[in-house]
Amino acid sequence: MYKKILVPLALNHGISEQTLAVAHALCAKGGEITALHVFELPQGTVSTIMGEETIQNGLIQARKLMQEKVKGMAGVRGEIVRGHAYRSIVDFATENDYECIVIGSHKPGLSDYLIGSTAARVVRHAPCAVHVHRDG
């Protein structure tokens with residue numbers, strides 16, 4: 001059982017409830033679970049063209065979605081960070097001394113074997129135990 005569990009969530013994917021349920025099953029009594037969404041900025045000049053106001057509006061929407069996802073879930077708090085998905089997850093876990101990361105994953109396709117999915121990269125670089133939940 002873990003006292004600090006990090007659950008990265010993609011707000012546009014539907015397995016959030018399942019990964020949070022796995023985290024609850026692995027959480028020690030009195031432990032904490034943090035649901036984390038990484039708000040990725042568009043690449044290159046697209047960010048410049050979009051402008052900071054548009055990016056801030058997207059961030060506000062992401063925060064609202066996160067609060068909806070964790071609403072009513074005892075012992076779960078939501079966090080949003082800006083950055084690159086796998087690197088931000090690993091950095092957040094490292095900086096905040098998480099003992100376990102519970103991350104959802106899709107079934108791997110050919111491109112995942114060549115470049116690696118976010119979950120695979122988190123597994124390779126995480127400073128703690130990682131539980132990968134695969135849907136279906």
Side-chain angles (χ1 to χ4, degrees):
M1 301 299 246
Y2 300 99
K3 292 182 182 176
K4 284 186 80 172
I5 300 176
L6 182 63
V7 183
L9 303 176
L11 296 175
N12 60 337
H13 292 151
I15 66 170
S16 302
E17 292 83 17
Q18 295 166 335
T19 54
L20 286 166
V22 169
H24 275 289
L26 295 171
C27 194
K29 186 174 182 171
E32 69 179 69
I33 298 171
T34 303
L36 176 72
H37 174 71
V38 179
F39 186 79
E40 289 192 77
L41 296 177
Q43 297 297 314
T45 58
V46 175
S47 288
T48 305
I49 293 168
M50 287 177 65
E52 189 60 29
E53 183 179 346
T54 302
I55 292 168
Q56 287 302 319
N57 288 338
L59 196 53
I60 290 167
Q61 284 301 108
R63 284 195 173 101
K64 286 180 185 177
L65 284 171
M66 175 59 82
Q67 292 311 312
E68 288 174 19
K69 290 244 184 212
V70 300
K71 185 178 179 181
M73 294 186 172
V76 178
R77 70 181 175 96
E79 289 283 340
I80 303 273
V81 295
R82 287 169 70 164
H84 183 270
Y86 100 87
R87 184 79 256 156
S88 296
I89 294 165
V90 170
D91 289 347
F92 193 89
T94 302
E95 292 164 7
N96 295 285
D97 299 319
Y98 281 89
E99 298 173 358
C100 181
I101 298 171
V102 177
I103 189 166
S105 180
H106 55 81
K107 289 187 178 185
L110 181 59
S111 66
D112 295 314
Y113 291 111
L114 298 175
I115 61 172
S117 68
T118 298
R121 290 177 184 199
V122 169
V123 168
R124 285 195 300 274
H125 299 283
C128 58
V130 179
H131 181 97
V132 178
H133 172 76
R134 181 161 288 153
D135 184 34

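- Within the model, atoms CZ of R63 and CD1 of I80 stand 6.5 Å from one another, a figure rounded to the nearest 0.5 Å.
- For the pair K4/N96, a side-chain contact is recorded, criterion being any heavy-atom separation below 4.5 Å from C-beta on.
- Residue Y2 places its OH atom among 12 or fewer non-hydrogen atoms of other residues, nucleotides or ligands, all under 6.0 Å distant.
- In this structure, CZ on R77 lies 11.0 Å from CD on Q67, to the nearest 0.5 angstrom.
- Across all non-hydrogen atoms, the minimal contact from V70 to G78 is CG2-N, 4.2 Å.
- Between atom OG1 of residue T19 and atom CZ of residue R134 there is a gap of 14.0 Å, rounded to the nearest 0.5 Å.
- Residues R124 and R121 meet the side-chain proximity criterion, which asks for heavy atoms closer than 4.5 Å.
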Which donor-acceptor pairs under 3.5 Å do side chains of residues 54-61 form with protein atoms, sequence neighbours excluded?
residue: T54; atom: OG1; partner: M50; partner atom: O; Å: 3.0
residue: Q56; atom: NE2; partner: E52; partner atom: OE2; Å: 2.7
residue: N57; atom: ND2; partner: E53; partner atom: O; Å: 3.4

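- At a threshold of 4.5 Å between non-hydrogen side-chain atoms, the residues E32 and Y98 count as touching.
- Using a 4.5 Å cut-off on side-chain heavy atoms (C-beta onward), H133 and Q18 make contact.
- A distance of 11.0 Å separates OG of S105 from NE2 of H131, quoted to the nearest 0.5 Å.
- The shortest distance between side-chain heavy atoms of I5 and T34 does not fall below 4.5 Å.
- Considering only heavy atoms from C-beta on, C128 comes within 4.5 Å of I101 through its side chain.
- When all heavy atoms are compared, the tightest approach of G104 to A119 is O-CB, 4.0 Å.
- Counting heavy atoms from C-beta on, the side chains of V81 and F39 never come closer than 4.5 Å.
- To the nearest 0.5 Å, atoms CD1 (I89) and CG (L36) are separated by 6.5 Å.
- Shown are L6, I33, L20, V7; of these, the side-chain contact (heavy atoms from CB on, under 4.5 Å) with V102 is made only by V7.
- Counting heavy atoms from C-beta on, the side chains of H37 and E79 never come closer than 4.5 Å.
- Across all non-hydrogen atoms, the minimal contact from R82 to S88 is O-OG, 4.1 Å.
- Within the model, atoms CG of L11 and NZ of K64 stand 13.5 Å from one another, a figure rounded to the nearest 0.5 Å.
- Donor-acceptor pairing under 3.5 Å is lacking for the side chains of S117 and Y86.
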